[in-house]
Amino acid sequence: MADRVLMTGNDALGEGAIRAGCDAYFGYPITPQNELTAYMAVNMLRLGRVFIQAESELAAINMVFGAAAAGKRAMTSSSSPGISLKQEGISFIAAAELPAVIVNVQRGGPGLGNIAPAQGDYFQATRGGGHGDYRTIVLAPDSAQEMHDLTFDAFALADRYRSPVIILSDGRLGQMMEPIVLHKGPPPPVPPKPWALTGAKGRPANMIRSLIMEDGALEKHNIHLQAKFKRILKEVVRYEERETADADVLLVAYGTSARIAKGAVIQARSQGIKAGLLRPLTLWPYPHARLRALAPRLKGIVVIEMSAGQMLEDVQLAVGGSVPIAFVGRMGGGVPEERAVLAAIRRFAKPARRRSRP
Amino acid sequence: MSDAPRKAGSRTIRSLYRRPAALKDTPTHYCPGCGHGTVHKLLAEVLDTLGIRERTIGIAPVGCAVRAYYYLNCDISEAAHGRAPAVACAIKRCLPDRIVFSYQGDGDLAAIGMGETIHAANRGENITVVFVNNTVYGMTGGQMAPTTLTGQRTSTTPGGRDAVSTGGPLHICELLNTLDGPWHIERVALDGPAGVRRTRKALTTAFQAQIDGKGYSLIEVLSPCPVHMHLPPVDAMRFVKEQMVASFPVKIFRQEGKRLA
Ligand SMILES: Cc1ncc(C[n+]2csc(CCOP(=O)(O)OP(=O)(O)O)c2C)c(N)n1
Ligand code: SF4
């Protein structure tokens, strides 16, 4: 395969997983992520790796559980309704501290919703999603290139923290074709997994469990998990900044919304408005601290999402009441328009007055 | 414990029975007369006899046997309620030279996990399913299970199971035998010493089939749950022998991939 190729985001992610050493993939059909499952069917089998079209998302996520328990790099992908079904399994994976990658190519909701791109699963992804006190690392690509690259990071992070990692994409990123540069290096190194179930040859039997009934033991396990989550908060935050150094108005957006925001920053700057962008690449852990640091010099913040305002709450949490926040959101498959973003920006900063024509 | 004959006075004492290496020395948490303990012991014996303990990976169910790892001395994982076959299939596909079994109750296997059960069987996955049918949800307090007998009282069928509103007992072996995937399907009953021996033999057949790469096997074990059958242990065993076997015939349904019934 050439180094630079034209690929849909879904295919780019699949190729990323393969090059990152994904040993086992389990999927179930749902639009708009079907290309990814089809890509894995062709290429995992070609490479002699494990591919199963599961009987449901419940089965698929529990197959991921099994493959991860066996010490393998495992992945599943789905879209919003299917991700809802996976939540029990994700909670079990987090509880048992298994490394796994879960891809959500989001579509419109709630319910069956539609198959258009959306960002309505932010709360579900960043707040744990399933039952119990846990978090998952959430990565947010905004291009086919990042669908490819972040998949590498997802497997590395999953192994490093023995944690489920969610790649939160959307139908637009998944279906859009873009030129990408393929990863050429080796897969991220696989750490030793002495806990894996491989047969108790020459060692005491291993067990993987999340039922912890001994007196006080479950609280202890939770304290251990929380300590890990604190470490992740310190070590994993990632974001992209554009033109923030002198910005009066800061746009905050991720994924497809960030693509709109990038256009709006260029437009605003061309009109003499000092706009900038903070784009979180990790939605959990969220770059609260960076936002807080940028806040004092801002006249306003514009949050852009394909939802009713979910990431908005993280922005509010970061800046408190210190900066006014405007929200531009579309739901049910709508994509915010650059015009609407520019109008929101103008609430905080007026364009430089045009010089009168000679 | 040493296996060597010991001299006691003038006689030689030979140990005729020992705890299998695959069974840990743990006091049981199962109720008196519960079938799970017997099945665990038989499983351990089979793992020993076939010499596969060190390459076996078990999946414990959500149910009374969830803590199978307290007893069985092999690698074991829990699974979410009903999902043991999915977990087992993935492990087997990832590690094809290991021996993988799921251990499941009737609520786990035949109600919430029916989808995984059928599809693992239909794909002919090279795993062994140990299905303990005790006609009730043991762990949660004796509710109706898919296998509860018609007329049987449980905490959710206080007047006895009524086929009109709750359906009749679900026959898993018969159901799976309609599929082409399975290699071996057999039902046995813990209804006395002969039944126990037959169960050991069935488990041996199933694990041997997996070792030989033949494919999917399921052994259904009719098993007493004295507590929720509301019977003393001996009567619970009689309930298995008389009531359960009448509804769930004990036989080999599928042998070497061929339908016998
Ligand atoms: C998703 C989910 N639903 C319900 C339960 C509660 N639950 C625990 S064990 C069990 C049923 C066990 O019955 P069975 O499978 O027949 O096994 P037994 O206890 O009789 O051996 C249920 C419903 C659960 N743990 N998870
Ligand atoms: S409730 Fe029934 S199945 Fe559970 S341990 Fe007691 S006897 Fe066994």
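Order of the sequence lines fixes the chain letters, A, B, ..., with proteins taken first and strands second; residue numbering starts at 1 for each chain. When reading the values below, keep in mind they use all heavy atoms of this one structure, side chains included, and skip hydrogens, waters and symmetry mates.
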Please indicate whether B/K41 has more than 12 foreign heavy atoms, meaning atoms of other residues, nucleotides or ligands, lying under 6.0 Å from its NZ.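 Yes - once you tally the heavy atoms of other residues, nucleotides and ligands closer than 6.0 Å, there are more than 12.
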Within a 6.0 Å radius of atom CD1 on A/I115, are there more than 12 heavy atoms belonging to other residues, nucleotides or ligands?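 Count not over threshold, so no.
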Give, for atom CG of A/L197 and atom CD1 of B/I76, the distance between the pair rounded to the nearest 0.5 Å.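 Output value for this atom pair is 9.0 Å.
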Which of B/V87, B/I91, B/V100 touches chain A most, by non-hydrogen pairs under 4.5 Å: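 Looking at each option in turn, the highest pair count goes to B/V87.
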Please classify the contact of A/A24 with chain B as side chain, backbone, both or neither, using a heavy-atom distance under 4.5 Å.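 The answer is the side chain of A/A24.
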Atom group of A/A68 that falls short of 4.5 Å from chain B, counting heavy atoms: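 When you check distances to chain B, no heavy atom of A/A68 falls under 4.5 Å.
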Listed by chain and number, what are the side chain to side chain donor-acceptor pair (under 3.5 Å) partners of [X], not counting sequence neighbours?
| X | answer |
| --- | --- |
| B/T204 | none |
| B/N134 | none |
| B/T147 | B/D106, B/N133 |

Short of 3.5 Å, which donor-acceptor contacts do chain B and chain A share? List atoms and distances.
{"from": "B/E54", "atom 1": "O", "to": "A/A200", "atom 2": "N", "distance (Å)": "3.3"}
{"from": "B/E54", "atom 1": "O", "to": "A/K201", "atom 2": "N", "distance (Å)": "3.4"}
{"from": "B/Y70", "atom 1": "OH", "to": "A/E214", "atom 2": "OE2", "distance (Å)": "2.6"}
{"from": "B/D75", "atom 1": "OD1", "to": "A/R203", "atom 2": "NH1", "distance (Å)": "2.9"}
{"from": "B/D75", "atom 1": "OD1", "to": "A/N206", "atom 2": "N", "distance (Å)": "2.7"}
{"from": "B/D75", "atom 1": "OD2", "to": "A/T198", "atom 2": "N", "distance (Å)": "3.0"}
{"from": "B/D75", "atom 1": "OD2", "to": "A/G199", "atom 2": "N", "distance (Å)": "3.0"}
{"from": "B/D75", "atom 1": "OD2", "to": "A/R203", "atom 2": "NH1", "distance (Å)": "3.3"}
{"from": "B/D75", "atom 1": "OD2", "to": "A/R203", "atom 2": "NH2", "distance (Å)": "2.6"}
{"from": "B/I76", "atom 1": "N", "to": "A/N206", "atom 2": "O", "distance (Å)": "3.0"}
{"from": "B/I76", "atom 1": "O", "to": "A/I208", "atom 2": "N", "distance (Å)": "2.9"}
{"from": "B/E78", "atom 1": "N", "to": "A/I208", "atom 2": "O", "distance (Å)": "2.8"}
{"from": "B/E78", "atom 1": "OE1", "to": "A/S210", "atom 2": "N", "distance (Å)": "2.7"}
{"from": "B/E78", "atom 1": "OE1", "to": "A/L211", "atom 2": "N", "distance (Å)": "3.0"}
{"from": "B/E78", "atom 1": "OE2", "to": "A/L211", "atom 2": "N", "distance (Å)": "3.4"}
{"from": "B/R98", "atom 1": "NE", "to": "A/T198", "atom 2": "O", "distance (Å)": "2.4"}
{"from": "B/R98", "atom 1": "NH2", "to": "A/T198", "atom 2": "O", "distance (Å)": "3.2"}
{"from": "B/R123", "atom 1": "NH1", "to": "A/E55", "atom 2": "OE1", "distance (Å)": "2.9"}

Compare every heavy atom of A/F26 with every heavy atom of B/A90, then report the nearest pair and how far apart it is.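 The answer is CB-CZ, 3.8 Å.
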What pair of heavy atoms forms the shortest contact from B/L95 to A/A70, and how long is it?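 What the structure gives for the nearest pair is CD1-CB, 3.7 Å.
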Contacting moiety of B/A80, where chain A heavy atoms sit under 4.5 Å: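 For B/A80, the contact with chain A is made by backbone and side chain together.
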